[in-house]
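Here is the structure we will look at.
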Number of protein chains: 2
Amino acid sequence: MNIGEAASASGITAKMIRYYESVDLIPPAGRTEAGYRTYDGRDVGTLRFIRRARDFGMPMDRVKLLVGLWQDKDRPSREVKAVALRQVAELEAKIAELTAMKDALAELAGACRGDNRPDCPILRDLADVSSTASHPGAVLRAGMRGQRFVGNGPA
Amino acid sequence: MNIGEAASASGITAKMIRYYESVDLIPPAGRTEAGYRTYDGRDVGTLRFIRRARDFGMPMDRVKLLVGLWQDKDRPSREVKAVALRQVAELEAKIAELTAMKDALAELAGACRGDNRPDCPILRDLADVSSTASHPGAVLRAGMRGQRFVGNGPA
DNA sequence: ATGGGGCTTCCCACCATGGGAAGGTCAACC
DNA sequence: GGTTGACCTTCCCATGGTGGGAAGCCCCAT
């Protein structure tokens, strides 16, 4: 199998397969004499596994960890569960943040008439010197440095 | 006011203030003879406004738009509200995605005993060839290309 | 033998942010 | 007046995953 076939079989672009190889998420593929990468069914299985893990919003580190556990037939399920629960906890934290943002902003928007007059509580709030501490992002800025792990939606 | 003072007064790092200037989110600051940037109370107000808008998870584009509306005293509040509601809608979409991920993963984790035995439904699911379509990320991958706008939590 | 589609590597861009180096400036203190 | 240390300047680099694209090689079918 060439990389293109492996890509369509696994749902991961050829570009990303090469990238995963370059960051040691997957071992270097075999090569033909001409230098083309070759893949077999097992490789596609691994790629699919990776795609699924990414679908749960996991960062590469976590995926790598999980692939390792998957390939170790004697892992205790305890370890796998711990990884999964960490991910769940981070997702929950992110959801809570976004919800706080959303609620605060929706409330402001609800208070805005949305007509032709310029007067607007949304802008008033954003410009307001006094309400600094109670804003959703204050917490965010304080507590969530470098969480990444959600970003764009895996693509 | 030097950039450092403006930074602590506004809650935006000096580094980011320079960056915002470089991408034309804010106009170039005045300079002393020695080349130091200078800021006044109005500038700090603008920076604070920007920080608040970012706290709602808005991407730079949206913030820029909002700053423009803020500075135009004759804007119709309709336009401001529309921007806010777009942001709310995107936050809701993101929340829905993350919730789908979280629920699916939590369910799997719930089915895993988490003991010393290797058997684990989480890994079984990730490796499962058949369940491709029903996974949370399938939707994600299909529908959310290039949404960005949440990323790390503004920092 | 020629064309088109695949493969290779390498570089660039995104977005918002932080880190750090190399060098200039300012203010305070002795 | 000189030294010190805190601040400022610009410039480059890294992050994380992903896409885009160029330049060049390879393979197969016509």
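Throughout, protein chains are lettered first and strands after them, A, B, ... in sequence-line order, and every chain is numbered starting at 1. The structure presented is a predicted model; accordingly, all values stated were derived computationally and were not measured.
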Length of the CG-C1' vector between A:Leu25 and D:dT18, whole Å: 14 Å
Which nucleotide, D:dG21, D:dG17, C:dT17, lies nearest any side-chain atom of A:Lys15? D:dG21
Measure from OH on B:Tyr20 to C1' on C:dC15 and round the result to the nearest Å. 11 Å
Between D:dT10, C:dT8, D:dG17, which one does the side chain of A:Ile3 approach most closely? C:dT8
Run the salt-bridge test on A:Arg117 and A:Asp115 with the 4.0 Å N-O cut-off and return the result as yes or no. yes
SB check A:Asp55 A:Arg51 (cutoff 4.0 Å): yes
Return the value, rounded to whole Å, for the distance between atom OH of B:Tyr19 and atom C1' of C:dG18. 13 Å
Are any side-chain N or O atoms of A:Arg52 and backbone N or O atoms of B:Asp125, one a donor and one an acceptor, separated by less than 3.5 Å? yes
From CZ of A:Arg54 across to P of D:dT18 the rounded distance in Å is 5 Å
Nearest whole Å is fine: how far is D:dC25 C1' from A:Glu33 CD? 15 Å
Nearest whole Å is fine: how far is D:dT10 C1' from B:Glu21 CD? 12 Å
note: A:Asp55, atom CG; D:dG17, atom C1'; distance rounded to Å ~ 14 Å
Residue B:Arg37, side-chain atoms from C-beta onward, closest of C:dG19, C:dT9, D:dT9: D:dT9
Verify side chain to side chain contact (heavy atoms under 4.5 Å, CB included) between B:Leu65 and B:Met58, making sure each step is shown before the conclusion. CA-CA 10 Å; B:Leu65 186 57; B:Met58 296 189 191; over 6 Å; no
On DNA chain C, compare the nucleotides closest to A:Tyr36 and A:Arg31; which residue's is nearer the 5' end? A:Tyr36
Can you hop from B:Tyr39 to B:Tyr19 via hydrophobic side chains spaced under 4.5 Å? yes
Output the single nucleotide from C:dC26, D:dC27, C:dA16 whose closest atom is nearest the side chain of A:Ala34. D:dC27
Check this one for me: any side-chain N or O of A:Thr13 less than 4.0 Å away from OP1 or OP2 of D:dT18? no
In whole Å, I'd like the distance from the CZ atom of A:Arg51 to the P atom of D:dG17. 17 Å
Among D:dT18, D:dT9, C:dC7, which is the nearest nucleotide to the side chain of A:Asn2? C:dC7
Less than 4.0 angstrom between a side-chain N/O of B:Arg18 and OP1 or OP2 of C:dT17, yes or no? no
